[in-house]
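These notes concern the structure reproduced below.
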Amino acid sequence: MNILAELRSRFCIALAKLDGSAEQLADMVLPSQDAKFGDYQANCAMPLGKTLGKPPREIAQQLVALLDVADLCAEPQIAGPGFINLRLRDEFLMAQIQQALVASDLGITPADQPQTFVLDYSSPNVAKPMHVGHIRSTVIGVALDRVLRALGHRVISDNHIGDWGTQFGMIIYGYKHFADQAAIASHLVDELSRLYRLVNQLVDYQETKNRKLPDIEKRIVDEAHCLDRLHDSTELEDPREREEHAKRLQSSENTLAELRKELADMRRKLAAVEGDPQLSPLLADHSAIGAAVLAETAALHAGDATNRSLWERFLPACLESMNEIYRRLGVTFDFTLGESFYEDRLAEVVADLASQGLVTESDGAKCVFLEGVDAPFIVQKSDGAFLYATTDLATIQYRASEWKPQTILYVVDHRQSLHFEQLFATARKWGFDQIRFEHVSFGTVLGEDGRPFKTRSGSAVGLGGLLDEAIERAHAIVSANDDARESPLLSPSERRQIAERVGIGAIKYADLSHNRTSDYVFSYDKMLAMQGNTAAYMQYSYARVRSIFAKGEINAESLRGRVSELGIQHPAERALALALLQLSEALARVSTDFRPNHLTAYLYDLASKYSSFFENCPVLKAETDKLRTSRLLLCDLTARTIGYGLQLLGIEVVERM
RNA sequence: GCGCCCGUAGCUCAGCUGGAUAGAGCAACGGAUUUCUAAUCCGUCGGUCGCAGGUUCGAAUCCUGCCGGGCGUACCA
């Protein structure tokens with residue numbers, strides 16, 4: 001049961017007798033911040049006192065008199081300015097625990113109104129190697145997928161892979177000019193990544209040299225002029241004007257300094273490429289590489305036989321290496337409909353937008369201009385090619401007609417927020433105004449230096465290597481700890497399996513336990529630590545519960561026939577029981593703002609409560625058989641709740657570690 | 001220039017829709033083991049919540065301005 005929701009609905013009934021905005025006020029029932037105030041608290045008497053023009057404590061008393069919660073709580077207490085503090089009755093807690101113990105789904109309260117969600121996550125470009133940013137989308141996406149399903153929603157997961165864009169033009173160009181045929185034959189995907197990186201560096205070099213550098217040089221000249229003029233006009237009488245002037249002078253100087261720094265960075269980058277023995281010999285012959293790459297992309301899209309056959313040859317290998325990562329992460333999708341799937345619909349999308357008068361041509365490009373946004377949403381380039389804006393629109397059209405979702409979620413990093421703002425606005429104008437669109441954005445994964453997470457060589461860290469390292473470190477820790485025992489528990493193969501689950505779990509949990517909107521620092525040491533809110537701690541807690549059953553040779557399932565023996569005496573038992581009953585609340589929170597860290601926070605709190613119980617309440621050596629059974633029942637529900645919560649996060653548990 | 005996001009303890013981060021004395025973990029210091037996994041637990045130390053105003057009975061949270069940082073800003077995704 002979702003106790004919070006139940007209390008709110010009880011309050012809603014009582015509040016309706018006092019005021020019109022009962023539902024809003026009922027939302028002010030919250031879990032207590034401090035256990036000394038009880039289990040839940042209602043803060044609605046204060047604002048209500050205001051609107052009704054009566055002392056809040058008086059309102060609180062009226063409310064308590066109208067409130068019917070006797071089956072759930074002890075007599076509500078009024079405190080401070082008018083807080084209503086609620087303490088659940090132990091009999092109620094026990095009855096709920098008993099229900100959860102015998103329920104097939106731990107007694108989770110499903111959503112009031114089940115919806116259809118389309119969940120768009122992971123979405124890597126197949127030609128580029130996946131990096132640490134993709135893992136964040138994937139891991140958050142999986143967690144949302146499972147939590148929404150657990151609450152009874154219909155979820156369609158769709159991996160919108162980038163298999164048709166400019167990156168493929170880069171690979172094709174690279175293949176035609178730089179391919180090592182032996183490597184193509186033996187290590188196709190690795191060679192394609194090398195080609196991608198190579199071409200990307202060259203394109204970047206030419207683009208910087210031919211466009212960005214002159215552009216910034218011009219801006220420096222302009223800014224310097226501007227600054228000169230400001231310097232010349234110093235004879236101002238009015239002090240306010242003088243102040244204004246000084247401010248503009250300062251701002252201009254700052255801008256200039258920034259631009260010069262950028263220029264220096266660019267020159268350094270260019271020099272690095274020019275000094276690179278592999279890259280520098282290629283520069284002269286590939287001076288127009290940017291245009292050439294676009295031409296290769298355009299040829300692919302136009303159906304050029306060579307490029308098309310290269311695409312058909314490369315794609316399966318790319319997908320295979322991508323799927324290898326998904327296999328290791330334990331991820332599956334309902335659909336993997338990439339950009340290429342929508343290829344033949346793009347012209348129609350633009351034509352349809354145009355027929356509705358939404359398209360304006362500007363500098364040769366077909367654009368949708370939106371109120372309040374300066375940059376246009378370009379749906380067709382001046383050379384006739386389509387872009388990801390077009391594909392995304394076609395995708396919305398397809399998803400809407402195929403699955404009829406109420407909500408479409410995009411788990412994509414925050415740098416694309418403008419794109420999604422434009423996409424959603426355009427889609428609504430286009431007629432998809434009944435669908436709720438949500439950009440579930442997330443921050444950047446940083447290295448310990450505070451810069452985006454990179455290897456020493458400067459390239460983004462490959463995902464495979466990242467997982468390998470986490471597993472290796474986990475293995476070292478598992479082995480060291482087991483070796484330190486008087487008699488080690490674990491066989492070499494068991495250690496391997498544990499390391500795999502702990503290592504991968506650590507990476508996933510680190511992503512999930514942070515608020516997704518903030519950047520966070522990636523640290524193996526922190527994520528694999530046994531203290532604090534980590535996967536390893538959660539897995540350890542689980543293993544510790546399970547070891548009681550192993551030690552006592554107790555079958556948890558057969559125990560569930562004896563739920564009548566459940567009792568709550570010790571404060572640690574009560575705290576644990578209450579925490580066990582709050583799973584539904586945590587899941588509901590995850591589903592309202594699409595933030596899995598509500599669930600990790602809940603699990604951490606639960607595990608802490610269990611630790612306290614474990615210290616204070618002997619289970620196998622409990623004084624009486626009934627107490628022993630009762631505590632075993634709490635242990636059983638704890639293990640299953642932690643196990644289930646981690647499963648929803650895509651993390652596996654181990655019986656021993 | 002414009003737009004979005006961020007600024008919380010020495011470090012890494014929570015803080016839900018405004019609620020009572022701002023919380024964890026690490027680090028530092030001290031304690032607990034004949035007891036179910038001590039990979040644990042308990043305690044101490046540590047914060048003018050970037051700054052200044054405002055709204056409110058009540059602000060880390062909402063509003064305005066400023067300072068500092070990140071990202072984005074027309075044919076990449």
Side-chain angles (χ1 to χ4, degrees), chain A residues 24 27-28 30-34 36-37 41 43 46-47 49-50 56 79-83 123 125 128 162 165-167 203 207 251 255 294 297 339 362-367 372-383 385 387-389 391-392 412-419 421 441 443-444 448 450 477-478 480-482 484-485 489 513-515 517-521 523 525-526 529-534 536-537 539-541 543-552 589 592-593 595 597-598 600-601 604-605 608 611-612 614-622 631 635 656-657:
Chain A
Q24 221 182 330
D27 281 349
M28 298 182 79
L30 298 166
S32 288
Q33 307 249 332
D34 192 323
K36 79 176 180 220
F37 298 130
Q41 64 180 58
N43 304 334
M46 281 83 81
K50 182 87 178 170
F83 295 106
S123 315
N125 283 312
K128 299 184 196 174
T166 309
Q167 352 83 26
V203 169
E207 169 123 339
S251 142
T255 308
L294 291 182
T297 312
E339 294 174 331
S362 170
D363 289 347
K366 290 189 175 152
C367 306
V373 188
D374 289 339
F377 195 51
I378 298 176
V379 294
Q380 189 169 14
K381 301 201 283 184
S382 50
D383 65 3
L387 328 83
Y388 77 135
T391 312
D392 279 353
V412 180
D413 79 271
H414 71 285
R415 285 171 306 189
Q416 294 194 35
S417 52
L418 177 60
H419 168 72
E421 190 190 322
S441 72
T444 309
E448 306 213 32
I477 294 169
V478 168
N481 284 319
D482 198 38
R485 290 186 172 116
L489 288 171
S513 60
H514 290 98
N515 185 330
T517 58
S518 41
D519 297 347
Y520 81 94
V521 174
S523 157
D525 289 337
K526 288 208 167 69
M530 281 307 306
Q531 304 87 348
N533 190 8
T534 66
Y537 178 80
Q539 287 164 323
Y540 177 72
S541 300
R544 226 159 47 140
V545 190
R546 294 295 304 155
S547 77
I548 292 179
F549 287 85
K551 191 94 170 188
R589 277 197 295 276
T592 54
D593 58 11
R595 276 175 37 193
N597 71 313
H598 293 304
T600 60
Y604 182 52
D605 178 63
S608 307
S611 282
S612 171
F614 185 84
E615 293 292 320
N616 288 294
C617 305
V619 178
L620 294 176
K621 293 178 184 165
R631 287 180 176 168
C635 287
R656 306 195 290 184
M657 66 184 278

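Everything numeric here is computed off the predicted structure, so don't read it as measured data. Below, chains carry the letters A, B, ... as their sequence lines are ordered, and counting in each starts from 1.
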With rounding to the closest Å, how many angstrom separate the P atoms on C63(B) and C16(B)?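 The same atom, P, in both gives a distance of 14 Å.
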Can you tell me how far P in U55(B) sits from the matching atom in C45(B), rounded to whole Å? 37 Å
Nearest heavy atom decides the nucleotide; on that basis, is Thr517(A) or Val478(A) closer to the 5' end of RNA chain B?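 The residue mapped nearer the 5' terminus is Thr517(A).
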Which whole-number value in Å describes the distance from [X] [atom1] to [N] [atom2]?
X         : N      : atom1 : atom2 : value
His514(A) : U8(B)  : NE2   : P     : 14 Å
His414(A) : U73(B) : NE2   : P     : 12 Å
Asp519(A) : C5(B)  : CG    : C1'   : 9 Å
Asp605(A) : G25(B) : CG    : P     : 12 Å
Glu339(A) : A77(B) : CD    : P     : 7 Å
Lys526(A) : C26(B) : NZ    : P     : 11 Å
Asp525(A) : U12(B) : CG    : C1'   : 12 Å
Leu30(A)  : G58(B) : CG    : C1'   : 15 Å

Ignoring hydrogens and angles, answer whether the base of A39(B) and the side-chain atoms of Arg485(A) contain a donor-acceptor pair closer than 3.5 Å.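 Yes, a donor-acceptor pair under 3.5 Å.
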Ignoring hydrogens and angles, does a donor from either the side chain of Ser362(A) or the base of A74(B) sit under 3.5 Å from an acceptor on the other?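 Flag set: donor-acceptor pair detected.
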Which nucleotide in the set [options] lies at the smallest distance from any side-chain heavy atom of [X]?
X         : options                : value
Asn125(A) : C2(B), A77(B), U21(B)  : A77(B)
Glu615(A) : C16(B), C41(B), G19(B) : C41(B)
Arg595(A) : A39(B), A14(B), G19(B) : A14(B)
Lys551(A) : G25(B), U37(B), A14(B) : U37(B)
Tyr604(A) : A20(B), A24(B), A74(B) : A24(B)
Met530(A) : A39(B), G19(B), U12(B) : A39(B)
Tyr540(A) : U35(B), A39(B), C2(B)  : A39(B)
Asn481(A) : C36(B), A39(B), U17(B) : A39(B)
Val521(A) : A74(B), U40(B), C13(B) : C13(B)

Looking at CE of Met657(A) and OG of Ser547(A), how far apart are the two atoms once the value is rounded to the nearest 0.5 Å?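 So the gap between those two atoms works out to 12.0 Å.
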To the closest 0.5 Å, what do you measure between CZ (Phe83(A)) and CG (Leu30(A))? 10.5 Å
Verify the contact: side-chain N or O of [X] to OP1 or OP2 of [N], cut-off strictly under 4.0 Å; return yes or no.
X         : N      : answer
Ser518(A) : A14(B) : yes
Asn533(A) : C13(B) : no
Asn43(A)  : G58(B) : no
Arg544(A) : A38(B) : yes
Tyr537(A) : C41(B) : yes
Gln167(A) : C76(B) : no

Ignoring hydrogens and angles, tell me if any N or O in the side chain of Arg631(A) forms a donor-acceptor pair with the backbone of Pro618(A) under 3.5 Å. yes
Is it the case that the side chain of Asp482(A) and the backbone of Val478(A) share a donor-acceptor pair, with hydrogens and angles ignored and the cut-off at 3.5 Å?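 Side chain of Asp482(A) to backbone of Val478(A), a donor-acceptor pair under 3.5 Å: no, none is there.
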If pairing requires Watson-Crick or G-U wobble contacts with both distances under 3.5 Å, which nucleotide is the partner of [N]?
N      : value
A24(B) : U12(B)
G68(B) : C6(B)
U48(B) : none

Using the ring of each side chain (for Trp, its six-membered ring), is His514(A) parallel, tilted or perpendicular to Tyr520(A), with breaks at 30° and 60°? parallel
Quick check: are there more than 12 heavy atoms from other residues, nucleotides or ligands sitting under 6.0 Å from CD of Gln24(A)? no
Take Asp525(A) and Ser523(A) through the side-chain hydrogen bond (donor to acceptor under 3.5 Å, both in side chains) test and state the conclusion after the steps. CA-CA 5 Å; Asp525(A) 289 337; Ser523(A) 157; 5.2 Å; no
